[in-house]
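The structure appears below as structure tokens.
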2 protein chains.
Amino acid sequence: MAILGFLRDFPLHGYDLKNRVASLAGHVRPIADGTLYPTIKKLEDAQCLTRRTAPGSVAAPRHMLEITQTGTDQLRRWLRDPEPGFITDDNKWYVLLAFLHHLENPREQALVLTRRREFLDRPAQLFFDEQGAPIPPERLESPFRKGLMQIHRSTNLTEIDWLDRQIGELNARAGFTAAR
Amino acid sequence: MAILGFLRDFPLHGYDLKNRVASLAGHVRPIADGTLYPTIKKLEDAQCLTRRTAPGSVAAPRHMLEITQTGTDQLRRWLRDPEPGFITDDNKWYVLLAFLHHLENPREQALVLTRRREFLDRPAQLFFDEQGAPIPPERLESPFRKGLMQIHRSTNLTEIDWLDRQIGELNARAGFTAAR
DNA sequence: GTTTTTTACCTCGGAGTCGATATATCTTGT
DNA sequence: ACAAGATATATCGACTCCGAGGTAAAAAAC
């Protein structure tokens with residue numbers, strides 16, 4: 001998704017792509033060569049991108065990669081109807097968010113944000129005692145588990161706040177567009 | 001790490017373990033059977049845990065798992081000197097945090113928190129233009145990328161705040177312990 | 001002029017994980 | 001009596017990803 005997402009902005013070669021994906025680090029762990037290049041080949045075989053060999057502007061020759069219509073369609077399908085992991089796994093979610101603007105319909109964008117919003121609403125119960133009874137944060141002995149739950153709650157609220165505002169804006173835009 | 005970490009609290013059987021690991025979801029994606037049971041066997045082979053077959057209190061017989069001294073040592077090694085991914089990958093970091101109290105020396109705990117703190121300090125530059133020049137948040141066209149960076153900054157500050165307080169407390173405790 | 005570094009691409013083996021599938025036990029509902 | 005469902009453990013094939021290694025070209029350092 002990240003490969004097609006970046007290529008949708010403008011053509012890039014593999015090495016550049018690697019750096020851009022890696023720079024999403026902090027959110028996403030950098031991608032290894034052994035992952036990137038086979039994946040590019042796979043996307044090429046699936047006609048999602050084309051490559052043109054160009055002389056390297058700095059050193060070795062590059063393979064300039066360009067997204068195709070098939071690739072754009074694939075990207076939009078992934079964004080429009082993401083697998084569950086892309087909603088529940090923070091790393092994957094942030095990747096999706098980085099490219100959600102490539103889904104052009106605001107109503108569809110709002111729908112994806114709503115799925116994430118609903119996931120964040122589910123109360124997270126992280127720790128249980130011997131009997132399987134949930135342990136509330138104030139009864140946790142470990143300061144690290146206490147901190148973990150504090151941070152979790154706080155960051156969830158931050159994201160929920162943003163999601164609600166964003167969903168509101170998108171729906172307003174969608175309504176306006178439909179009413180035109 | 002999660003298996004040994006949970007067993008360090010009290011003995012559990014595989015099925016219970018699965019539910020507890022899964023309940024860290026929101027942070028961690030639930031563990032599959034095909035991952036859990038081979039991993040238990042691997043830990044048993046490595047003498048990190050022992051199993052006693054016990055009649056199931058509810059249904060089928062269970063394998064009660066208990067951590068050994070070897071297992072405790074292994075857990076402590078993982079916690080004391082975590083691989084880079086455990087510092088930089090949020091999912092892994094939160095697992096580590098959930099069990100950091102099993103590292104009993106406050107000075108060692110503080111050291112791990114400091115590594116995370118240093119990682120969070122590195123300014124995250126997520127997006128670049130065609131020329132490879134960084135795009136500041138205010139020049140981003142996508143509201144999703146803008147939100148992504150806002151949320152990232154905000155949640156980072158929350159965690160840094162907690163880390164600093166916690167590191168301070170731990171160092172005070174370590175100093176006091178050393179001074180006794 | 002030769003080595004080192006940076007850029008750039010590629011492959012292979014191994015480790016880890018999942019999903020499907022299988023098995024067995026006990027309780028509950030019909 | 002029988003089926004269904006929750007409990008509980010285990011294996012296997014497929015897939016993904018990483019890390020180590022290799023190739024090559026141009027620039028920079030020595």
Side-chain angles (χ1 to χ4, degrees), chain A residues 1-3 6-7 11-25 28-46 49-65 78 83-86 88-89 91-92 95 128 131-132, chain B residues 1-4 6-7 11-25 28-46 49-66 78 83-86 88-89 91-92 95 128 131-132:
Chain A
M1 185 190 286
I3 292 172
F6 275 124
L7 288 181
L12 289 167
H13 53 100
Y15 195 77
D16 199 349
L17 213 37
K18 193 179 91 180
N19 293 330
R20 283 168 198 269
V21 175
S23 74
L24 272 172
V28 183
R29 97 179 69 109
I31 194 171
D33 279 11
T35 306
L36 179 66
Y37 290 107
T39 307
I40 288 173
K41 184 166 278 179
K42 221 176 109 186
L43 287 169
E44 193 188 11
D45 291 345
L49 56 83
T50 56
R51 73 171 84 194
R52 285 181 303 107
T53 302
S57 68
V58 188
R62 305 161 159 178
H63 292 184
M64 289 305 287
L65 308 172
W78 283 335
E83 283 169 34
F86 276 91
T88 59
D89 184 315
N91 289 342
K92 290 188 178 184
V95 171
F128 302 86
Q131 280 73 45
Chain B
M1 185 190 285
I3 292 173
L4 292 185
F6 275 123
L7 289 182
L12 290 166
H13 52 100
Y15 195 77
D16 199 350
L17 214 36
K18 192 179 94 181
N19 292 330
R20 284 168 198 268
V21 175
S23 74
L24 272 171
V28 182
R29 99 179 66 108
I31 193 170
D33 280 9
T35 306
L36 179 66
Y37 289 106
T39 307
I40 289 174
K41 183 166 276 182
K42 221 176 110 188
L43 288 169
E44 195 189 8
D45 291 345
L49 56 84
T50 56
R51 71 172 85 195
R52 285 181 302 107
T53 303
S57 68
V58 190
R62 304 161 161 178
H63 292 184
M64 289 305 289
L65 308 172
E66 249 172 288
W78 281 335
E83 284 169 34
F86 277 90
T88 59
D89 183 315
N91 289 341
K92 292 189 179 185
V95 172
F128 302 85
Q131 280 73 44

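Each chain gets a letter, A, B and so on, in the order its sequence line appears, and its residues count up from 1.
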Expressed as a whole number of angstroms, how long is the span from [X]:[atom1] to [N]:[atom2]?
X       : N      : atom1 : atom2 : answer
A:Asn91 : D:dC17 : CG    : C1'   : 14 Å
A:Ile3  : D:dT16 : CD1   : P     : 13 Å
A:Glu44 : C:dC9  : CD    : P     : 12 Å
A:Lys18 : D:dC18 : NZ    : C1'   : 13 Å
B:Met64 : D:dA8  : CE    : P     : 10 Å
B:Lys92 : D:dC18 : NZ    : C1'   : 10 Å
B:Ile40 : C:dG16 : CD1   : C1'   : 16 Å
A:Leu17 : C:dC10 : CG    : C1'   : 15 Å

Q: Taking all heavy atoms of A:Asn91 and all of A:Asp89, pick out the closest pair and write down the distance.
A: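 Where A:Asn91 meets A:Asp89 most closely, the heavy atoms are N-OD1, 2.9 Å.
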(Q) If I take atom OG1 from residue A:Thr88 and atom CD from residue A:Glu83, how far apart are they, to the nearest 0.5 angstrom? (A)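 Result: 10.5 Å between the selected atoms.
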Q: State the CD-OG1 distance between A:Glu44 and A:Thr50, to the nearest 0.5 angstrom.
A: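 So the CD of A:Glu44 and the OG1 of A:Thr50 are separated by 8.0 Å.
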Compare the minimum distances between each of [options] and the side chain of [X], then state the nucleotide with the smallest one.
X       : options                : answer
A:His63 : D:dT11, D:dG19, C:dC9  : C:dC9
A:Arg62 : D:dT9, D:dC18, C:dC9   : C:dC9
A:Thr35 : D:dA25, C:dT25, D:dC17 : D:dC17
B:Lys42 : D:dA10, C:dG16, C:dA8  : C:dG16

Q: Take B:Ile40 and B:His63 through the side chain to side chain contact (heavy atoms under 4.5 Å, CB included) test and state the conclusion after the steps.
A: CA-CA 11 Å; B:Ile40 289 174; B:His63 292 184; over 6 Å; no
Q: Output yes when at least one side-chain N/O atom of A:Arg51 is less than 4.0 Å from OP1 or OP2 of C:dA8, else no.
A: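 No, because none of the side-chain N or O atoms of A:Arg51 sits under 4.0 Å from OP1 or OP2 of C:dA8.
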Q) Base, sugar-phosphate, or nothing for B:Gly34, non-hydrogen atoms under 4.0 angstrom? A)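 Base, at least one base atom sits under 4.0 Å.
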(Q) Categorize B:Lys41 for me: base, sugar-phosphate, or nothing, with a 4.0 angstrom heavy-atom threshold over every strand shown. (A)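 Here B:Lys41 touches the backbone only, sparing every base.
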Q) Got a donor-acceptor pair under 3.5 Å from the side chain of A:Asp33 to the base of C:dC9? A)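 Flag set: donor-acceptor pair detected.
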Q. 5'-most contact on DNA chain D: B:Pro38 or B:His13, nearest heavy atom basis?
A.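 Final value for this comparison: B:His13.
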Q) Can you find a pair of side-chain heavy atoms, one from B:Leu36 and one from B:Ile3, that are under 4.5 Å apart? A)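 In contact.
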